[in-house]
Amino acid sequence: MLTPAASATKPDPQDLLAWYDRHRRDLPWRAKPGVTAEPYRVWLSEIMLQQTTVAAVRPYYLKFLERFPTVEALAEAPADAVMQAWAGLGYYSRARNLHACAKAVVDKHGGHFPRTEAELLKLPGIGAYTAAAVAAIAFDEKAAAVDGNVERVMSRVFMIEEPLPKAKPLIRALTEALVPADRPGDFAQAVMDLGATICTPKRPACALCPWMVPCRARAEGLQEAFPKKQKKEAGQLRKGAAFVVLRADDTILLRTRPPQGLLGGMAEPPTSPWEPDYEPSRAVLDAPIEARWQRLPGTVRHVFTHFPLELTVMFAKVSKGTPAPDDMRWTPRLQLHEEALPGAMKKVLAHALGDLPGGKAKSEKPVKGA
DNA sequence: GAGGCGTGGAT
DNA sequence: TATCCAAGCCT
C-alpha cells in the first residue's frame, strides 16, 4: 500500500531558482541578474557577513569599498586603517585575517583570487563555508556553501532529527546533492535568501515557500522544531574597572590590546583584569597612573558571546605634562572616533565623557541608588 | 571538537 | 529582561 511518506517529492533546485529569479534581494555586493559579481566584492561581503546581519554589514561594506576599492588597495593599507574601518563590526580576527588574505592574494596569486574551493580554503579567514560561497558565487564552481541558513532549510526539508553541530556532515552531503550544474552561484544565494526571508528561525512563511510541498517538517507541522540543536550554557559574569584619564590638554589615555585573543588589536582605555570576583573598591590599586581617582556612579555592562562584563569606571584629571605609561598613548578627545574602539570601550568612554564626538555610543542609564 | 571570539536587532 | 541568533573561523 502506498503511504504518504513513500510518495513524498524531493526538493527541486529548479523550483528554488525560479523563486529566486522573482524574489532575490537587491544587495550592494550582488551583481545584476545574469551577471557574475567581482571576486573581491564577493569575498569582502562574505567575510563581513560571517555571523553578522545584512543590516549591520551594509554600511561597513560600502565604506570598505570606497576606502579600499581593490584587493591591491586593501593589501597596501596599514593595519591600523583596516582595524579602524572595521571597528564596531565585531569578531576582529576577521579584520586581521581579511588584511592577511588580501596580502596573500596579491603576493601569491598576482592579485587574483583562486577559483577553486581547495585553493580558497588555504587563505586566512576563509573556511569551508566561505570557500564554497566564493567559488560558487564569483566563479560559478559547483560548490555547496553551507551556512546557518542552509542548515536550517535542509534540517526542515529533510526533517533531520540529529542535532547540530553533529548533523553538519549529513547536511553538507544532502546540499551537495542538490547543487545544480548550471547555476551553482545562484543556488547558493537562493538558499540563503530563502532562509533569510521565508524559512526564518521563528514563524517561517511556509505558504510562500517554493519547497513547501517537499518539506518533510512542514508536512508534520513541525517546521519550527527544526533544526534541533544542543545548547551551551551562558558564561559567568566577569567584573573589572576601566580607567579614563583626561589630561589638561584634552587628551585621553589609551592603549592597544594584544593582537591575539579577545578584542585583539583594538584600542581601549586601560582596565584592570576582568574576573568573576573582582572587587571594585580595589580599583585604585590597579590604576595605570597615580592620580586623584574618582569612582563614577553606575557601571558599564556589555555582553560578549561567551560572557557578560560589568565595568566600574574610574575617572581622573591630570596635568598637562603627565607622561603616558609604557605601551600607552594620549589621544585627543576629538580624535577618539579615529581609534579602533570596540563597542564595550565606547560605552566606557561615553560613560565618563558623555557622548563621543562623531561616535554613536550610547551613554549608560543611571543606576538606581547611585 | 569544543570553546573562544562582538555586536545589534527581534521577540 | 532574557534569550536567541546572523552568510563562521581558528585552535
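Quick caveat, the model's predicted, so the values are computed rather than measured. Here is how names work: the chains are called A, B, and so on, in the same order as the sequence lines, proteins then strands, and each is numbered from 1.
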Problem - Whole-Å distance separating the CD atom of Gln51(A) from the P atom of dG8(C) - result: 5 Å
Practice task
For Ala188(A), answer base if it contacts any base atom (sugar-phosphate contacts may also be present), sugar-phosphate if it contacts only those atoms, and nothing otherwise; contact means non-hydrogen atoms under 4.0 Å.
Solution key: nothing
Practice task
Please check the phosphate of dC5(B) (OP1 and OP2 only) for any side-chain N or O of His306(A) closer than 4.0 Å.
Solution key: yes
Practice task
Could you tell me whether Arg41(A) sits above the aromatic face of Trp29(A), with NZ or CZ closer than 6.0 angstrom to the six-membered ring centre and within 45 degrees of the axis?
Solution key: no
Exercise for the section: Assign each of Ala55(A) and Arg238(A) to its nearest nucleotide of DNA chain B by heavy atoms, then name whichever residue's nucleotide is nearer the 5' end. Expected result: Arg238(A)
Practice task
Report yes if a side-chain nitrogen or oxygen of Tyr60(A) is closer than 4.0 Å to either non-bridging phosphate oxygen (OP1 or OP2) of dT7(B); otherwise report no.
Solution key: no
Practice task
Under 4.0 Å between any heavy atoms, over every strand shown, what does Val303(A) touch: base, sugar-phosphate, or nothing? Just pick one.
Solution key: base
Practice task
Indicate yes or no for a side-chain donor-acceptor contact from His99(A) to the backbone of Val82(A) under 3.5 Å, with no hydrogens or angles considered.
Solution key: no
Exercise for the section: Have a look at Thr130(A) and say if it touches a base, only the backbone sugar-phosphate, or nothing, with a 4.0 Å heavy-atom cut-off. Expected result: sugar-phosphate
Exercise for the section: For Ile126(A), report the nucleic acid contact type (base, sugar-phosphate, nothing); a contact means any heavy atom under 4.0 Å. Expected result: sugar-phosphate
Practice task
Take atom P in dC5(B) and the same atom in dA6(C), then report the distance between them in whole Å.
Solution key: 22 Å
Problem - Nearest-nucleotide 5' precedence on DNA chain C, Asp147(A) against Pro124(A) - result: Asp147(A)
Handout entry: Thr53(A) (side chain) and dG9(B) (base): donor-acceptor pair under 3.5 Å
Key = no
Exercise for the section: Using a heavy-atom cut-off of under 4.0 Å over every strand shown, decide if Leu27(A) touches base, sugar-phosphate, or nothing. Expected result: base
Exercise for the section: For Trp29(A), answer base if it contacts any base atom (sugar-phosphate contacts may also be present), sugar-phosphate if it contacts only those atoms, and nothing otherwise; contact means non-hydrogen atoms under 4.0 Å. Expected result: base
Exercise for the section: Can you check whether any acceptor in the base of dG4(B) is under 3.5 Å from a donor in the side chain of Ser93(A), or vice versa? Expected result: no
Practice task
Specify whether Phe304(A) and Trp274(A) have parallel, tilted or perpendicular ring planes, treating 30° as the upper limit for parallel and 60° as the lower limit for perpendicular.
Solution key: parallel
Exercise for the section: Answer yes or no: is there a donor N or O on one side and an acceptor on the other, between the side chain of Glu279(A) and the main chain of Ser281(A), under 3.5 Å? Expected result: yes
Practice task
Sort out for me which residue in Gln84(A), Lys346(A), Arg329(A) forms a side-chain hydrogen bond (donor to acceptor under 3.5 Å, both in side chains) with Glu339(A).
Solution key: Arg329(A)
Fill in the blank from the handout: Rounded to whole Å, the CG-C1' distance (Leu309(A) to dG4(B)) equals 15 Å
Problem - Same-atom distance (C1') from dC5(C) to dG6(B), integer angstrom - result: 13 Å
Problem - 5' priority, DNA chain C, between Arg25(A) and Leu123(A) [closest heavy atom] - result: Arg25(A)
Handout entry: Phosphate-side-chain proximity, His302(A) and dT7(B), N/O vs OP1/OP2 below 4.0 Å
Key = yes
Exercise for the section: Decide yes or no for Pro204(A) and Arg156(A): does some side-chain heavy atom of the first lie under 4.5 Å from some side-chain heavy atom of the second? Expected result: yes
Exercise for the section: Please work out if Arg203(A) contacts a base, only the sugar-phosphate, or nothing of the nucleic acid, heavy-atom cut-off 4.0 Å. Expected result: nothing
Practice task
Scan Pro165(A) against the nucleic acid and name what it touches under 4.0 Å (heavy atoms): base, sugar-phosphate only, or nothing.
Solution key: nothing
Practice task
Ignoring the backbone of Pro201(A), work out which of dC10(C), dG6(B), dA6(C) is nearest its side chain.
Solution key: dA6(C)
Exercise for the section: Could you check whether Ala344(A) gets within reach of a base, just the sugar-phosphate, or nothing at all, counting any heavy atom under 4.0 Å? Expected result: sugar-phosphate
